[in-house]
Amino acid sequence: MPQKDNTKTAAPPADRPNPERGDERYDAQSVETKWSQRWQQDAALYAAEPASDPSQPGKKKYYVLEMLPYPSGVLHMGHVRNYSIGDALARYMWMNGYNVLHPMGWDSFGLPAENAAISANVPPRQWTLGNIANMKAQMKRLGFAYDWSREVTTCLPEYYRWNQWFFLKLHEQGMAYRKKSKVNWCPKCATVLANEQVVNGCCWRHEDTLVEQRELEQWFLRITKYADELLRDLEKLGGWPEKVRIMQRNWIGRSEGTLVDFKLDYAENHKGFGPAGSTITVFTTRVDTIFGATSVQLAPEHPIVGDLTAANADLKAKVAQLIAEQRQAKETGDIGEIEKHGVFTGRYAINPYNSEKVPIWVANYILMDYGTGAIMSVPAHDERDYEFAQKYKLEIRLVILPTSNDPEETVAEPPLPFTTHDGMLINSGRYNGLGCDEAIRQMSTYAEQKGFGKATVTYRLKDWGISRQRYWGTPIPMLYCEKDGIVPVPEKDLPVILPENVDITLTGGSPLGRVPEFVNATCPRCGGPARRETDTMDTFVDSSWYFYRYTDARNARAPFDGKTAQYWFGDRGIDQYIGGVEHAILHLIYSRFWTKFMRDLGLITNDEPVERLFTQGMVIKDGAKMSKSLGNVVSPDEMVARYGADAARLYSLFAAPPDRDLDWQDSGIEGIQRFLGRVYRFVLRNASPPTSIETLLATSPSPSSGTPQVETLQATSLPPAARAIQRKLHQTIKRVSDDFQGRWHFNTCISAIMELVNVLYAAEEAIAQGAVPAPFLADVQRDLVLLLAPFAPYLAHELWGMLGEKENLLKAPWPKYDAELAKEEELEIPVQINGKLRGRVIVPADSTEKFVIERALADEKVQSAIAGKQVVKKICVPGKLLNLVVK
RNA sequence: GCCGGGAUGGCGAAAUUGGCAGACGCAGCGGACUUAAAAUCCGCAGGGGCCAAAAGCCCUGUGGGGGUUCGAUUCCCCCUCCCGGCACCA
């Protein structure tokens with residue numbers, strides 16, 4: 001069917017673009033705003049179907065989630081990249097017939113709102129909600145397909161009341177408790193600082209003021225109860241990047257070892273020790289080296305140090321010095337680099353294995369918050385102990401010799417310190433001759449039998465301190481009654497509303513403490529006066545469970561409905577979670593913990609929140625992370641205004657594989673804009689003319705009977721120009737589909753689509769001559785639009801309409817790959833002589849090895865390359881290459 | 001120090017299982033269209049050499065050095081540099 005009249009028509013007016021000449025520009029702005037408005041009118045467009053929709057029994061669910069943003073004011077390119085990945089996946093899954101949940105929300109409590117309140121004098125709530133409105137508009141302009149009916153805003157009472165509810169449950173279960181702990185304290189602000197507010201050991205607002213450590217009563221969540229499960233279940237997370245699993249494993253820091261009690265030596269030290277202070281328990285992973293222990297080392301803050309130094313003012317001063325040093329080093333992050341030193345207390349302890357008397361020291365390299373805060377020092381077999389012993393001329397006693405595989409070889413003394421486990425005990429009494437690991441087992445058992453120690457496991461992971469002396473957060477629902485002590489707020493009284501109009505510019509303690517209406521309450525037990533907790537929760541609480549709320553976001557009676565959550569989470573959690581690797585530890589460990597707690601509470605049945613995790617790379621410019629101070633920030637708004645949302649999104653996917661850092665180049669996005677224009681112009685020129693009476697009569701009456709005809713046409717007798725397009729089309733379908741299933745290298749998906757478009761352009765002359773059947777060409781264009789739809793939705797929707805399609809693009813099925821149609825009929829086989837390319841032969845794709853070799857040997861270039869030599873070996877890789885080895 | 005990741009043209013990158021290194025795009029160059037420019041379309045293009053030029057041919061090339069292999073960007077060993085995380089963790 002001749003689809004286009006090629007005879008010259010009257011030239012269009014000069015002021016109108018001429019599509020025949022190819023200068024019709026794609027006006028991304030007007031097309032995108034048109035569709036954006038249309039999508040907003042149809043709010044249900046991207047809504048997931050209900051969890052139990054009887055009309056869709058066989059439909060599989062898919063939960064794709066991007067990490068929710070902090071509403072800082074405007075989106076940055078990292079957001080655009082993150083959401084472009086998730087949105088492409090969501091659209092792809094829709095087109096593959098899944099019931100897709102793709103929600104968005106706001107992690108909207110936190111410090112920047114308070115900073116803004118102080119510097120710009122805007123109430124945090126107003127500032128935050130304003131930012132949300134702005135960023136939501138940006139997201140809509142970018143065309144991300146979120147189900148806004150499930151929007152979650154963590155700073156609103158309808159959300160944070162459930163934080164409070166969970167806190168009560170945690171408290172009920174003994175999982176939330178109060179204890180004294182050290183916090184960062186700025187003496188100038190007279191308030192506590194979050195860790196994030198400590199910059200190089202100084203206050204963020206007073207850069208010359210060192211932050212102090214103060215002891216305060218704080219609320220903690222007992223995450224360590226799950227330490228072992230959090231570690232073990234990492235094995236289940238095969239869909240997570242190995243890197244993240246390793247980071248979590250290190251963070252949890254499980255370490256098997258032995259506790260050993262060293263009794264103080266009373267014979268010489270009899271001054272005033274009670275039973276409580278009569279032993280020092282050390283933790284060691286190498287109890288096999290204990291016969292080489294030549295001192296006991298205490299952390300300067302170890303409780304027993306006070307007793308040991310009580311009688312000696314000079315010693316006390318030295319210890320105080322050590323404490324100060326250690327604290328400062330810790331604050332500035334230099335711990336690990338400070339020079340080791342310590343002081344001898346003048347006291348001794350008894351090694352229970354050999355009853356030997358060893359000196360007790362206090363040293364700055366011993367940390368109070370790991371193990372027991374006390375170690376046995378074995379200089380011969382530990383690097384730090386060795387360094388320390390050399391400095392203070394302590395005895396270095398070798399108790400492990402390296403084992404050799406060769407029994408004949410005489411075992412030489414190893415270079416010190418010798419720290420590996422591949423050894424055999426010497427100078428260790430009855431344990432001589434044992435291997436290290438066996439010795440550890442036997443010696444731990446012995447300690448347990450004799451009652452002076454036992455095998456144990458310690459973790460680096462600490463309980464989660466969630467108290468923040470801040471205003472803009474979830475109030476902790478607790479009361480302090482003089483008579484009844486700590487009393488939880490009854491469930492029926494939730495939410496404890498965060499008051500507004502609180503002056504947070506004043507310094508000194510929690511801002512809520514200065515609001516009498518908030519602080520003064522009634523004890524629910526005795527009815528007497530009570531004081532409210534004035535600290536708020538760490539904002540990581542909000543993000544620990546928000547993705548469950550999306551499944552049932554408007555529920556006013558519970559955080560979410562268990563059955564609904566069960567539908568979306570299944571046994572294995574969110575199908576795909578996408579975000580920055582900077583959350584690899586904190587957010588992702590807290591939410592794993594929260595899931596396990598909710599499971600034990602009976603709310604859900606899955607053990608893990610996230611089945612597959614993807615961490616995208618950073619967006620950088622000129623080799624550095626985008627930042628205001630470097631002046632290399634690229635604003636999404638500006639990109640959208642200049643090139644359009646599709647171009648910005650497509651470029652963020654095209655410039656690099658999504659897991660790698662992306663180096664933003666403005667010239668690169670221009671290329672993408674050109675490509676989109678190329679696609680647009682092709683369809684503009686080649687879409688079948690708008691359906692007229694004539695064409696309706698000419699084509700088959702019903703679309704359902706039309707499709708098979710087209711397929712028959714394709715499979716049998718396409719002319720060569722069309723066949724070339726068909727082949728490229730199916731190769732492209734495969735490349736794009738495979739990547740969605742597998743490695744997500746969308747950059748190469750997009751280049752594949754570009755190649756397809758290049759092939760179409762190359763065929764335009766043939767098309768103009770009618771050498772490509774119109775129904776086939778229409779199909780190709782449909783498929784091209786579908787392939788583009790996950791990446792450039794605006795253009796795809798526009799073209800879909802231009803192709804005469806009325807149905808929602810996302811309901812159209814994803815193009816089907818047909819291996820037969822993708823096959824090449826002829827192949828160009830490179831011919832190597834001794835591994836060097838010397839010629840090429842063109843052969844039918846199904847040629848036998850023999851035939852390829854024959855043709856190669858007949859090739860002129862090959863002949864001249866092997867002239868006078870003997871072919872000793874022929875290596876033929878079918879369809880790939882031929883290598884002739886000659887001598 | 002330990003654990004990850006990386007290094008390929010002028011630039012962003014590709015090569016999915018050991019098989020033509022540089023797909024796709026940017027910048028560049030040449031041509032067509034235009035009075036001109038923009039836009040658009042077509043083409044060239046790793047580096048070096050032989051040659052007046054072109055065609056053609058040769059050499060060389062994936063951070064550096066070695067190895068395995070008919071064949072290595074890809075696998076193995078050693079080294080350098082860059083990025084990220086953790087770090088007196090006993």
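Proteins get letters first, then strands, A, B, ... in listed order; numbering begins at 1 in each.
Residues A:Arg660 and A:Gln616 bring no donor and acceptor atom of their side chains to less than 3.5 Å of each other. Counting only N and O atoms by type, the side chains of A:Arg678 and A:Asn758 include a donor and acceptor under 3.5 Å apart. When only modelled atom types and interatomic distance are considered, A:Ser444 and A:Thr258 share a side-chain donor-acceptor pair under 3.5 Å. With hydrogens and angles left out, the side-chain atoms of A:Asp228 and A:Tyr459 include a donor and acceptor closer than 3.5 Å.
Comparing B:A13, B:G85, B:G4 by their closest approach to the side chain of A:Pro657 singles out B:A13. Minimum atom distance to the side chain of A:Arg660 is reached by B:A7, of the listed B:A7, B:G12, B:U16. Comparing atom distances between the A:Ile375 side chain and each of B:G19, B:C3, B:A90 picks out B:A90 as nearest. Considering only the side chain of A:Thr748, B:A15 comes nearest among B:G71, B:A90, B:A15. Each of B:A87, B:U60, B:G12 was ranked by its minimum atom distance to the side chain of A:Arg460; first place goes to B:A87. For A:Arg674, whose side chain is taken as the heavy atoms from C-beta onward, the closest listed nucleotide among B:A23, B:A27, B:A39 is B:A27. Distance from the side chain of A:Leu881 is smallest to B:C20 among B:A90, B:C20, B:G12. With B:C89, B:U40, B:C20 as the choices, the nucleotide that has an atom nearest any side-chain atom of A:Arg681 turns out to be B:U40. Closest to the side chain of A:Thr284, from the set B:G25, B:A90, B:G4, is B:A90. When distances are taken from the side chain of A:Tyr370 to each of B:C89, B:G19, B:A13, the shortest belongs to B:C89.
Pairing partner, B:G63: B:C79, with both Watson-Crick or wobble hydrogen-bond distances short of 3.5 Å. B:G10: Watson-Crick or G-U partner is B:C26, with both key distances under 3.5 Å.
The distance from atom CG of A:Asp663 to atom P of B:C83 is 14 Å, rounded to the nearest whole Å. In this structure, A:Glu387 places its CD atom 16 Å from P of B:A90, rounding to the nearest Å. The interatomic distance linking A:Leu882 (CG) with B:C70 (C1') rounds to 11 Å, in whole Å. At whole-Å resolution of the value, CZ in A:Arg286 and P in B:C88 are 21 Å apart. Between A:Met247 atom CE and B:G5 atom P there is a gap of 13 Å when expressed in whole angstrom units. Atom CG in A:Asn883 sits about 12 Å away from atom C1' in B:C20, given to the nearest Å. Atom CZ of A:Phe283 is separated from atom P of B:A90 by 7 Å (rounded to the nearest Å). Residue A:Leu653 contributes atom CG, which lies 19 Å from atom P of B:G12 at whole-angstrom precision.
When heavy atoms are screened at a 4.0 angstrom cut-off, A:Arg254 is found touching no nucleic acid atom at all. Residue contacts for A:Asn250: at a heavy-atom cut-off of 4.0 Å it reaches no nucleic acid atom on any strand shown. Counting non-hydrogen atoms under 4.0 angstrom, A:Lys462 reaches nothing in the nucleic acid. Base contact: A:Gln832 has a heavy atom under 4.0 Å from a base atom. Nucleic acid contact class of A:Asn747 (heavy atoms, under 4.0 Å, all strands): sugar-phosphate only. At a threshold of 4.0 angstrom between heavy atoms, the contacts of A:Lys874 with the nucleic acid are absent. Within 4.0 Å (heavy atoms only), A:Gly253 reaches no atom of the nucleic acid at all. Note on A:Tyr761: only backbone sugar-phosphate atoms sit closer than 4.0 angstrom, heavy atoms only; bases stay farther off. Nucleic acid contact for A:Asp739: none, since no nucleic acid atom lies under 4.0 Å from a heavy atom of the residue. Across all strands, A:Val885 comes closer than 4.0 Å only to sugar-phosphate atoms, never to a base (heavy-atom distances). Looking at heavy-atom distances under 4.0 Å, A:Ile875 makes contact with a base.
In this structure, A:Lys836 reaches the B:U60 phosphate: one of its side-chain N or O atoms is under 4.0 Å from OP1 or OP2. Within the structure, every side-chain polar atom (N or O) of A:Arg838 is placed at least 4.0 Å from both OP1 and OP2 of B:C20. For the OP1/OP2 pair of B:G25 and a distance below 4.0 Å, the side-chain nitrogens and oxygens of A:Asn758 include at least one atom meeting the criterion. For the OP1/OP2 pair of B:A14 and a distance below 4.0 Å, the side-chain nitrogens and oxygens of A:Arg743 include no atom meeting the criterion.
Under 4.0 Å is where a charged nitrogen must lie from a carboxylate oxygen, and between A:Arg245 and A:Glu235 no such pair does. The pair A:Arg743-A:Asp739 counts as a salt bridge, with a side-chain nitrogen and a carboxylate oxygen less than 4.0 angstrom apart.
Between B:C42 and B:C33, the distance separating the two P atoms is 15 Å to the nearest Å. Taking the P atom of each, B:G47 and B:G10 are spaced 7 Å apart, rounded to whole Å. Rounded to a whole angstrom, the distance from the C1' atom of B:U74 to that of B:G67 is 15 Å. Using atom C1' as the reference point in both B:U62 and B:G19, the two lie 16 Å apart (nearest Å). Rounded to the nearest Å, the gap between the C1' atom of B:A15 and that of B:A21 is 7 Å. Look at the P atom in both B:U40 and B:C51: the space between them is 42 Å, to the nearest Å. Remark: the separation of the C1' atoms in B:C75 and B:C57 is 34 Å, to the nearest Å. B:C24 and B:A14 have their P atoms separated by 14 Å, given to the nearest Å.
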Item to check | Derivation and outcome, salt bridge (Lys or Arg N to Asp or Glu O under 4.0 Å), residues A:Arg735 and A:Glu755 | outcome: CA-CA 12 Å; A:Arg735 283 180 67 178; A:Glu755 284 178 46; 3.7 Å; yes
Item to check | Derivation and outcome, ring-ring contact (aromatic ring centres under 6.0 Å, His included), residues A:Trp240 and A:Phe614 | outcome: CA-CA 7 Å; A:Trp240 284 38; A:Phe614 186 89; over 10 Å; no
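Residue-to-nucleotide proximity on RNA chain B shows that, of A:Arg840 and A:Thr372, the 5′-proximal contact is made by A:Arg840. Position along RNA chain B of the nearest nucleotide to A:Ile366 versus A:Ile585 favours A:Ile585 as the more 5'-ward residue.
Here the closest heavy-atom approach between residue A:Tyr651 and residue A:Asp663 is recorded as OH-O, 3.7 Å.
Within 3.5 Å, a donor on the side chain of A:Lys340 pairs with an acceptor on the base of B:C88, or the reverse.
A donor-acceptor pair is defined here as one N or O able to donate and one able to accept, closer than 3.5 Å; no such pair exists between the side chain of A:His341 and the backbone of A:Asn364.
For B:G9, the base is syn relative to its sugar; the glycosidic angle is within 90° of 0.
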